[in-house]
Visitor: 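Let me give you the structure first, and then I'll get to my questions.
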Amino acid sequence: MSVTTSDPALSGIDLVDPDNYVDGVPHAWFDELRRRAPVVWHEEPSPNAGFWAVTTYEDLVTVHMDWETYSSEIGAVALEELDERQLEIRKTMLETDPPRHRELRNICNKRFSARAVGRYEDFIREIARRVLDRALPMGELDFVAEIAKELPIRFLCAIFEVPQEDAPQLIGWGDRMIGNQDPDFADVVVDRGDTEAFRYLPFRSPAALEVFAYADRMRDQRLVEPQDDIINALTVAQSEGILNEQEFHNYFSLLMIAGNETTRHTISHGMQALIEHPDQLELLRRDPSIVPTAVEEILRWATPVMHFRRTVTRDTELHGQAIRAGDKVVTWYISANHDETVFADPYRFDLRRRPNEHVTFGPGGPHFCLGAHLARLETTILFQELLPRLRSIELAGPVERMRSNFVNGIKRMPVRVQLA
Ligand code: HEM
């Protein structure tokens, strides 16, 4: 499967096969597409029908801001095609348009504001210290397993107000769901095994059933003893009929997965980039005042979510390309974040980059990432706490990437550290 074009420079470009991301993001392909065919038809394996691949920054912004033409609700937001029933059962706020979208998002929007999240700063710092104090004295360690994986889920346990002891279980479920294209994680690999039995579950993953049962237990506790937390807000929304049972389950899973995997990969990519750019690591160590711009560059560099998808509601045109109602449009954040017309020298890792209007959390349409403040705060605190503790850090083995066309993920990163 590949892009459909008569241009020989683009022949063989296949953005769908997850194997094409195992050795690294195929940036050279995205570069060619931005230059030669910014909106191009891409075939897909049956039963999917193919999609328009959108690779420039400007076109991505157009699609995400115009939700009336590019709907999140009438198709899905992933590559996988869903029938009506699957869509209905698996729907989260990601798969809705206004006004329903606003209603769902309002259930916990305020709890993710900069102010609300800021209240957790000391707590997050304390967890970061604990995780680092346990992990770093090992000397040689897997940065993903011991640090990057541990932190976001522990922060999430805190804001969900669920027991910290549950963190490993939540990590495992997240891995199994979002890693559904990677044999190291998936119960059944989606493009290799038969996942028909799980077609109504998020990510077609049986792990979702365990997450749902867990969410039910947490809800039942809130019904007996209400708390001032996010699960309570979801519980109330269900009692008031704003969420049905499935929507409650899907909401909980979305927050758990979205809040866990993405931030983890940001932290891992950030660390890898700092190791591979010692001048930038040194710069950040010497001048902690650049942390805010550094975190933005780490976010741009990492782009943990590589694409999302929309479905066109009416015949339209994008970058001169006629697009028909019902067509699927896939926007590649990973490409937009390296668009040379927006980011000077986009493959330079520059912690002082300014401006840096990356689209790692989306470009600001209705679906702009709910957890952006939280993710920024977690990443900031981690590097603020980590760097002063280190005399040196280096890779101690190969960095292993996830097999996925959706998540730009690192699953193992052996490092050797010397403490300051
Ligand atoms: C670095 C970490 C993160 C990245 C890269 C990321 C990325 C994204 C992206 C690309 C979107 C879709 C934006 C669009 O449609 O253009 C999104 C939406 C969302 N994210 Fe994040 N995210 C991160 C962290 C989090 C965290 C920590 C949470 C919450 C615990 C979260 C919850 C959500 C939710 C609920 C949505 C759906 C919003 C909506 O549909 O209105 N994310 N995220």
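Just so you know, ligand 1 is whichever comes first in the structure, and atom 1 is the first atom listed for that ligand.
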Visitor: Is the His367 ring parallel, tilted or perpendicular to the His101 ring (thresholds 30°, 60°)?
Guide: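 His367 vs His101 ring planes: tilted.
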Visitor: Go through ligand 1 atom by atom and flag the ones less than 4.0 Å from a non-hydrogen atom of His101.
Guide: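 Here the atoms of ligand 1 in question are 39 (C), 40 (O), 41 (O).
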Visitor: Would you say the side-chain atoms of Arg90 and Gln246 include a donor-acceptor pair closer than 3.5 Å?
Guide: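 Side chains of Arg90 and Gln246: no pair found under 3.5 Å.
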Visitor: Which residue owns the protein heavy atom closest to atom 34 (C) of ligand 1, what's the atom, and how far is it?
Guide: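 So the nearest neighbour among protein heavy atoms is Leu370 CB, 3.8 Å.
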Visitor: Can any side-chain N or O of Asp350 pair as donor or acceptor with the backbone N or O of Arg352 at less than 3.5 Å?
Guide: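 Indeed, once roles are kept as given, a pair shorter than 3.5 Å links the two residues.
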Visitor: For Ala302, state whether at least one heavy atom is located under 4.0 Å from any atom of ligand 1.
Guide: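 Not so, Ala302 does not reach ligand 1.
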Visitor: What's the spacing between Leu351 CG and Trp301 CH2 if we round to 0.5 Å?
Guide: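 Reported to 0.5 Å precision, the distance equals 10.0 Å.
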Visitor: At less than 4.0 angstrom from any non-hydrogen atom of Leu255, what atoms of ligand 1 do you find?
Guide: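 Atoms satisfying the 4.0 Å criterion: 30 (C), 35 (C).
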Visitor: With atoms numbered from 1 as shown, which atoms in ligand 1 lie under 4.0 angstrom from a non-hydrogen atom of Phe308?
Guide: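 Within the 4.0 Å cut-off of Phe308, ligand 1 contributes 11 (C), 12 (C).
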Visitor: Which protein non-hydrogen atom lies closest to atom 1 (C) of ligand 1, naming both residue and atom, and how far is it?
Guide: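 Nearest protein contact, heavy atoms only, for atom 1 (C) of ligand 1 is Thr266 OG1, 3.1 Å.
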Visitor: By number and element, which atoms of ligand 1 are closer than 4.0 Å to a non-hydrogen atom of Val305?
Guide: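 This gives 7 (C) as the contact atoms.
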Visitor: Would you kindly check if the NZ (Lys) or CZ (Arg) of Arg300 is within the cone defined by 45 degrees around the ring axis of Phe343 and under 6.0 Å from the six-membered ring centre?
Guide: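 The answer is yes, since Arg300 meets both limits relative to Phe343.
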Visitor: Could you check atom 24 (C) of ligand 1 against the protein and tell me its nearest heavy-atom contact, residue, atom and distance included?
Guide: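 That would be Thr262 OG1, 3.3 Å.
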Visitor: When you measure from the side chain of Arg353 to the backbone of Phe349, do you find a donor-acceptor pair of N or O atoms at a distance under 3.5 Å?
Guide: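 Not confirmed, Arg353 side chain does not pair with Phe349 backbone.
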Visitor: Counting heavy atoms only, which of His64, Arg105, His373 comes nearest to atom 38 (C) of ligand 1?
Guide: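 Among His64, Arg105, His373, the closest heavy atom to atom 38 (C) of ligand 1 comes from Arg105.
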Visitor: Mind checking whether Phe212 and His249 have parallel, tilted or perpendicular rings, split at 30° and 60°?
Guide: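 The rings of Phe212 and His249 lie parallel, inter-plane angle below 30°.
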Visitor: Using a 4.0 Å heavy-atom cut-off, which part of Leu254 comes near ligand 1: side chain, backbone, both, or neither?
Guide: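 Side chain only; the backbone of Leu254 stays clear of ligand 1.
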Visitor: With atom 14 (C) of ligand 1 as the reference point, say which of Phe361, Phe368, Tyr333 has the nearest heavy atom.
Guide: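 The nearest heavy atom belongs to Tyr333.
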Visitor: Does Thr56 offer a backbone N or O that forms a donor-acceptor pair with the side chain of Asp339 under 3.5 Å?
Guide: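 Answer holds: no.
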Visitor: For atom 27 (C) of ligand 1, what's the nearest protein heavy atom and its distance?
Guide: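 Among all protein heavy atoms, the one nearest atom 27 (C) of ligand 1 is Gly259 CA, 3.4 Å.
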Visitor: Below 4.0 angstrom from a heavy atom of Leu299, which ligand 1 atoms are there? Numbered from 1 as shown, please.
Guide: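 Those qualifying, in numeric order: 1 (C).
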Visitor: Quick one: does Met256 get within less than 4.0 Å of ligand 1, heavy atoms only?
Guide: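 Not so, Met256 does not reach ligand 1.
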Visitor: Any chance the side chains of Asp66 and Thr69 put a donor and an acceptor closer than 3.5 Å?
Guide: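 Yes, a side-chain donor-acceptor pair sits under 3.5 Å.
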Visitor: Between the side chains of Arg401 and Asn408, is a donor N or O closer than 3.5 angstrom to an acceptor N or O?
Guide: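 Yes.
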Visitor: Are Thr92 and Glu95 close enough that a side-chain donor and a side-chain acceptor fall under 3.5 Å?
Guide: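 Indeed, the side chains of Thr92 and Glu95 share at least one donor-acceptor pair under 3.5 Å.
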Visitor: Any idea which of Pro304, Gly364, Gly371, Pro152 brings a heavy atom closest to atom 31 (C) of ligand 1?
Guide: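 It is Gly371 that holds the nearest heavy atom.
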Visitor: Could you list the atoms of ligand 1 found under 4.0 angstrom from a heavy atom of Thr360?
Guide: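 Under 4.0 Å from Thr360, ligand 1 has these atoms: 5 (C), 7 (C), 10 (C).
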Visitor: Distance under 4.0 Å to a non-hydrogen atom of Pro366: what atoms of ligand 1 satisfy this?
Guide: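 Listed by number with element: 41 (O).
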Visitor: Quickly, which of Tyr333, Tyr70, Trp332 forms a ring-ring contact (aromatic ring centres under 6.0 Å, His included) with His64? Name it, please.
Guide: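 For His64, the ring-ring contact (aromatic ring centres under 6.0 Å, His included) check succeeds only for Tyr333.
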Visitor: Between Ala258, Cys369, Ala375, flag the one that comes closest to atom 43 (N) of ligand 1 by a heavy atom.
Guide: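 Selected option, by shortest heavy-atom distance: Cys369.
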Visitor: Between Asn356 and Thr293, do the side chains contain a donor N or O and an acceptor N or O under 3.5 Å apart?
Guide: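 On atom types as modelled, these side chains do not qualify, holding no pair under 3.5 Å.
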Visitor: Distance to 0.1 Å, residue and atom name: give those for the protein heavy atom nearest to atom 15 (O) of ligand 1.
Guide: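 Of the protein heavy atoms, Arg310 NH2, 3.0 Å lies nearest.
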Visitor: Tell me which protein heavy atom sits closest to atom 13 (C) of ligand 1, plus the residue, atom name and distance to 0.1 Å.
Guide: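 Result for atom 13 (C) of ligand 1: His367 O, 3.2 Å.
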Visitor: Of all the atoms in ligand 1, which lie at a distance below 4.0 Å from a heavy atom belonging to Leu156?
Guide: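 Selected atoms, number and element: 30 (C).
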